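Here's the structure, in structure tokens; my notes come after.
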There are 2 protein chains.
Amino acid sequence: MHKPTIQDVARRAGVGVGTVSRVLNNHSAVRASTREVVLSAISDLKYTPNPHARRIAGGKSYTISVLLPVVTTEFYLRLLDGLEHAFQEARYDVAIFPLLDRSRLERYLGSHTLAYQADGLVMVTYNLTQIFQQNYGGAWPHNVPSVLVDAHAEGVDCAYMDNVLGGRLAGDYAAKLGGTLYAIWVETELDLLFTTRVFSDRRSGFLEAVGRAGRQVAGEYISSFDSLAARSVASQLLDEAVLPATVFASADLLAGALLDEAQARGLVIGRDVRVIGFDDQPWSKGRGLTTLHQPVEAMGYDAAQLLLERLTGQERPAVSHRFEPRLIVRSSTEG
Amino acid sequence: MHKPTIQDVARRAGVGVGTVSRVLNNHSAVRASTREVVLSAISDLKYTPNPHARRIAGGKSYTISVLLPVVTTEFYLRLLDGLEHAFQEARYDVAIFPLLDRSRLERYLGSHTLAYQADGLVMVTYNLTQIFQQNYGGAWPHNVPSVLVDAHAEGVDCAYMDNVLGGRLAGDYAAKLGGTLYAIWVETELDLLFTTRVFSDRRSGFLEAVGRAGRQVAGEYISSFDSLAARSVASQLLDEAVLPATVFASADLLAGALLDEAQARGLVIGRDVRVIGFDDQPWSKGRGLTTLHQPVEAMGYDAAQLLLERLTGQERPAVSHRFEPRLIVRSSTEG
DNA sequence: TTGTAGGCGTTATCAA
DNA sequence: TTGATAACGCCTACAA
């Protein structure tokens, strides 16, 4: 009644344990017919390999630690999907470390078990490489293969969303639409460590495109990433705006609040107020919000592949993969 | 230059590996002096045991899986602190599984690695025991020791906050304060699976206490757990309220929004409007919010102990440990 | 109270 | 292309 082991599989398939291990790990040197036999033995026995034994024998943890700010937004969920998908294919486990504040980060880094638990590191949004070099150069094993997602750094593999391009796409389109131009940006964190360029990038792209089109932005607003704050900023904007207005709200959360406020004021979306969001949230389609869609899962999947390449010992210069948002036009900009 | 092993420690301490293992696991049969020698050898070598080897040798995973709804609220962070503290003492690792929707839960349960990764299960807020009995009775090993936190169920160890009492304390106090009585409740999820009784408990306690005092609630409001919604409900309440009003806002998030709205209207907190919150958020003290403080860390620590008892094979009927919120009076109710 | 040796379930190496 | 067999690092009898 014990869980079947690789031995049981080998016996049942009439082969050696080495062979079973080979098919498990996709080693090429296995005849197709034997592979079949082994595979069916595995499914007969409902065998699943014991990851702990694997780790100790292989001398690796077969685990990737993912450090990310929060996990409750659409963006991070989709990213996790992409990451987990890729790592599962490669038989790696994923350990999630939600980073909410500095103290929590330090506790994770200090915990001795973490060092064992990760062959590689995925750092999302925040570039923590400095931390490792500075405070934890000792505690953390040197040169843990790492990949940055949604962030940049020299000498490290990165996969990032081109937010400048996203802003530019919004800017090009907004300039064409006509109407007074406005923008709402997300207030970024103050902590030096927990910092992200996402929104400043969107801004620079947008301003560049608008300027290139010979237009100018009549007003810029800043809101924290919170629906209440967003609503009140939306209200302020509509108080001050010259209609018809075209507004680039640099996150769908902000855009949604603006739609709400505009509707509450009886304005016609797409005519009096045109709104461009950013994120393509699940609800964005239903509300007809023109917005920028980001290939987030693909970015996660790709980041995982970059890390897996490193893990197989590939030496190569650090690369940086760029992903492009694309504009999705809906009714919020088409009266 | 390799990581020191138990062998290295034994050699350095001039003892056998068995002895080292014994001090590592707090086995009593070790002379105090030898224990000292071993301990110093450990620290000299900066030895940390390899958890994977331990897992395979012991036939256990020494890992606890914690399934919780989200990790970005104060409540869950504090709970995690309590849990992790207790499990670390017992040399267990904690794997966090943020549950955001049903599909994610199913993926976790379906993943074979989870079965290996957990000697025990902590289920927070949501009672998922039914799931295991129904759909996953096969996939999931039967009788995984489990503990429910912040939730009830028959036949399972539980540690829960007495929200009825919390509501009652708020009700008793509110009744004494005078003023027209109002309450704001949090809208609970509709999904049958992801359901929690937290807020309905607070409500029944509150209503009971108020009724017992011969008072009655002039109005009840419902808000989703979102600052914007909370603000708008607060506004509606203040539009309709007969002042002076005493409001029980069943979460500090709601209470905060009410304070904001009241101040925006120039009302005097503690005189025109008295507010009782629930949670004792970090900011609650600074804003002088009277609220209910919950011993969340203690609850987490205790839940962990319950689970650890089960893991050592203790047979005993399921117990249910109750934790009591306590009222903290601040200026929001004292004009 | 302590040391020795066998076993846990893999992967990796080396012949065959 | 395969099958033995030696690690991997720890825990746990069993003996001393």
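Predicted model, so just to flag it, every value in this text is computed and none were measured. Chain identifiers are assigned alphabetically (A, B, ...) following the order of the sequence lines, protein sequences preceding nucleic acid strands; residue numbering begins at 1 within each chain.
- Atom CZ of R11(A) and atom P of dG3(D) are 14 Å apart (whole Å).
- For S21(B) and dC10(D), the shortest distance from a side-chain N or O to OP1 or OP2 is not below 4.0 Å.
- Among the atoms of the strands shown, base atoms are found under 4.0 Å from some heavy atom of G18(B).
- Here the nucleotide nearest the side chain of R22(B), chosen from dG9(D), dG3(D), dT2(C), is dT2(C).
- If G58(B) and G58(A) are placed on DNA chain D by their nearest nucleotide, the residue sitting closer to the 5' end is G58(A).
- Taking atom CZ of R35(A) as the reference point, atom C1' of dT2(D) lies 14 Å away to the nearest angstrom.
- Side-chain contact between I96(A) and E84(A) is present, with heavy atoms from C-beta onward closer than 4.5 Å.
- For the pair H52(B) NE2 and dC10(D) C1', the interatomic distance rounds to 13 Å; values are reported in whole Å.
- When each of V37(A), V38(A), V30(A), V9(A) is tested with V15(A) by the rule side chain to side chain contact (heavy atoms under 4.5 Å, CB included), just one qualifies, namely V38(A).
- Rounded to a whole Å, the CD1 atom of I6(B) is 11 Å from the P atom of dT12(D).
- OP1 and OP2 of dT2(C) both lie 4.0 Å or more from every side-chain N or O belonging to T19(B).
- Between N25(A) and dT11(C) there is a side-chain N or O to OP1 or OP2 distance below 4.0 Å.
- Atom pair D8(A):CG and dC8(C):P shows a separation of 11 Å (rounding to whole Å applied).
- Among the atoms of the strands shown, base atoms are found under 4.0 Å from some heavy atom of V17(A).
- In this structure, CD1 of I56(A) is placed 7 Å from C1' of dC10(D), rounded to the nearest angstrom.
- Within the nucleic acid shown, R55(B) has no heavy atom closer than 4.0 Å to any nucleic acid atom.
- For Q7(B) and dC11(D), the CD to C1' distance is 12 Å, given to the nearest whole Å.
- Under 4.0 angstrom from either OP1 or OP2 of dC11(D) there lies no side-chain N or O belonging to Y62(B).
- Between L24(B) atom CG and dC10(D) atom C1' the separation is 9 Å, expressed in whole Å.
- Of the candidate nucleotides dA12(C), dC11(D), dC14(D), dA12(C) has the atom nearest to the side chain of H27(A).
- Looking only at atom types and distance, the side chain of N50(A) has no donor-acceptor partner in the side chain of R55(B) under 3.5 Å away.
- Proximity of H85(B) to E297(B): side-chain heavy atoms (C-beta onward) are nowhere separated by under 4.5 Å.
- Side-chain contact of D150(A) with T125(A): a donor-acceptor pair under 3.5 Å is present, judged by distance alone.
- Residue R54(B) places at least one side-chain N or O under 4.0 Å from the OP1 or OP2 atom of dC11(D).
- A sub-4.0 Å separation between OP1 or OP2 of dT2(D) and a side-chain N or O of T34(A) is present.
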